[in-house]
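Just so it is clear, the structure is predicted and the values come from calculations on it, not from any experiment. So that the names make sense, note that chain A is the first sequence line, chain B the second, and so on, each numbered from 1.
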Amino acid sequence: MTAVTMLVNGKSVTADVEPRTLLVQFIRDHQQLTGTHVGCDTSQCGACVVHVDGKAIKSCTTLALSCDGAQVTTIEGVGTETDLHPMQAAFREHHGLQCGFCTPGMIMTSIDIVRRKGTNLDEATIRAELEGNICRCTGYHNIVKAVAAGAQAMGATTKQAAE
Amino acid sequence: MYAFDYRRPATLNEADLALKAAPGAKLLAGGQTLIPTLKQRLANPGVVIDLSAIPDLKAITRKGDTLHIGAMATHAEVAGSKDVAAAIPGLATLASHIGDPQVRHKGTIGGSLANNDPAADYPAAALALGATMHTNKRTLSAQDFFQGLFATALDDNEILTEISFPIPKRFAYAKFPNPASLYAMVGVAVAETAGGPRVAVTGAGTDGVFRVPALETALTGGFKADALKSVTIPTTGINGDIHGSPEYRAHLIGVMARRAVAAA
Ligand SMILES: Cc1cc2nc3c(=O)[nH]c(=O)nc-3n(C[C@H](O)[C@H](O)[C@H](O)COP(=O)(O)OP(=O)(O)OC[C@H]3O[C@@H](n4cnc5c(N)ncnc54)[C@H](O)[C@@H]3O)c2cc1C
Ligand code: FES
Ligand code: FES
């Protein structure tokens, strides 16, 4: 067993883990943060996407020990039930989910797209950027609409905060 | 995954010592290939040595006519680097089309080259550009480095540290991606270098990445897509699988080579 410490959603956590522990196992089994899902376990579907040091990665294909000292943000860290993140609110508003299994990964990826590509996203960009996230229910149309609207809303929030 | 011991050295020297102390150990770069391999129990290395805490291995710099990229530079870092965009823009474009955004945040150029997947993108670029591979022990030309399917000249305890690319007059890479895996069905890299035109192909060879002398000769008279129209690619050494026959892939080599030259 090896000790690992990281900042998960702003809180410092430490645990003794086997070196083969994946980041997603650390998040779900050790931290009981079960919003991050495991769909494929083979780096294809994006259900497990979290942010490590601000960047979207697949937590099923990352060792927990490689994240020692890192800042990790999961879906639980972006908004609360009473105060949704603008991207979460947009997914609800635009019916960007059905069963909801892919949604945490979709939202974490979408927030990362805005970080890299800005708040004015065209459809082609959104579709290309969602390459690593699979949804088995929606057919993607409403997800694309939700990401575009969520991105705009994130822009408006930053502007308000700046004023 | 089988259980393993884990090391995370902070310097190249420490990594070297850790490798020497643990024969059979595996180096971990972005893990986008190694972790799936470990999950399938296709490897049982005993010790995994993570290179992610060695900052020196990440640098991207231009020195004169050469672009140097550290082995641990991620696909996203290469795609977003101003130095790469200024020196060899086609290389930044190549990196921006590897896998998906999450894979690009983790996967590294060194991991891709050391893995030498016959359908990976970087090997074609390294071969077409005549890159030099620097390790903790020696330097190797791309030509000598790639040795067939998933095989390279790297010894068991050798670490790829940096790749240097002579800056060409022109370079482009055109890939026909498999729509499911995004790996190249056929990918063609073309470069107009000081030593003449070079063309390298990934995804299509039964023995991994390879150069195409017939296409290179055709480009000597002028670096134009039209110059390649009359060249037919024979099917010897071209692989066939459920995604495409050797005939289809041979045809695609010609098509992608012309697209790459037109884009360069
Ligand atoms: C969903 C998905 C899609 C992908 N699509 C593409 C694609 O379109 N095109 C493409 O080219 N690739 C693709 N890949 C592969 C991806 O680019 C990998 O990142 C890459 O092949 C391996 O790099 P890595 O840094 O993850 O290496 P790792 O997985 O960490 O290591 C791979 C191998 O290289 C060895 N190694 C790593 N670094 C070094 C070093 N510095 N010195 C010596 N040995 C070393 C390791 O020991 C291991 O054997 C895809 C992967 C996934 C999961
Ligand atoms: S569970 Fe990680 S990509 Fe599917
Ligand atoms: S909403 Fe069911 S998988 Fe996307």
If we only count heavy atoms from C-beta on, is the [X] to [Y] side-chain gap below 4.5 Å?
| X | Y | value |
| --- | --- | --- |
| B/Q102 | A/D112 | no |
| A/V52 | B/K106 | no |
| A/E129 | B/D100 | no |
| A/I57 | B/V103 | no |

For atom [atom1] of [X], decide whether the heavy atoms of other residues, nucleotides or ligands shown that lie under 6.0 angstrom number more than 12.
| X | atom1 | value |
| --- | --- | --- |
| B/K39 | NZ | yes |
| A/H51 | NE2 | yes |
| A/D16 | CG | yes |
| A/R92 | CZ | no |
| A/R136 | CZ | no |
| B/R259 | CZ | no |
| A/K55 | NZ | no |

Between [atom1] of [X] and [atom2] of [Y], what distance do you get to the nearest 0.5 Å?
| X | Y | atom1 | atom2 | result |
| --- | --- | --- | --- | --- |
| B/D5 | A/R20 | CG | CZ | 11.5 Å |
| A/E131 | B/R104 | CD | CZ | 8.5 Å |
| A/L22 | B/M1 | CG | CE | 4.0 Å |

Can you tell me which portion of A/E18 sits under 4.5 Å from chain B's heavy atoms? Options are side chain, backbone, both or neither. side chain
Per-residue contact mode, A/D41 against chain B (heavy atom under 4.5 angstrom): both
Could you look at B/L38 and say if it's the side chain, the backbone, both or neither that has a heavy atom under 4.5 Å from chain A? neither
Portion of B/L34 that has a non-hydrogen atom of chain A nearer than 4.5 angstrom: neither
Say whether, by atom type as modelled, one donor and one acceptor occur between the side chain of B/H105 and the main chain of A/A56 under 3.5 angstrom. yes
Can you see which heavy atom on B/P101 is nearest to which on A/G132, and at what distance? CD-N, 4.5 Å
Against chain B, residues from residues 60-74 of chain A with at least one heavy atom under 4.5 Å, in numeric order, are A/C60, A/T61, A/T62, A/L63, A/L65, A/S66, A/D68
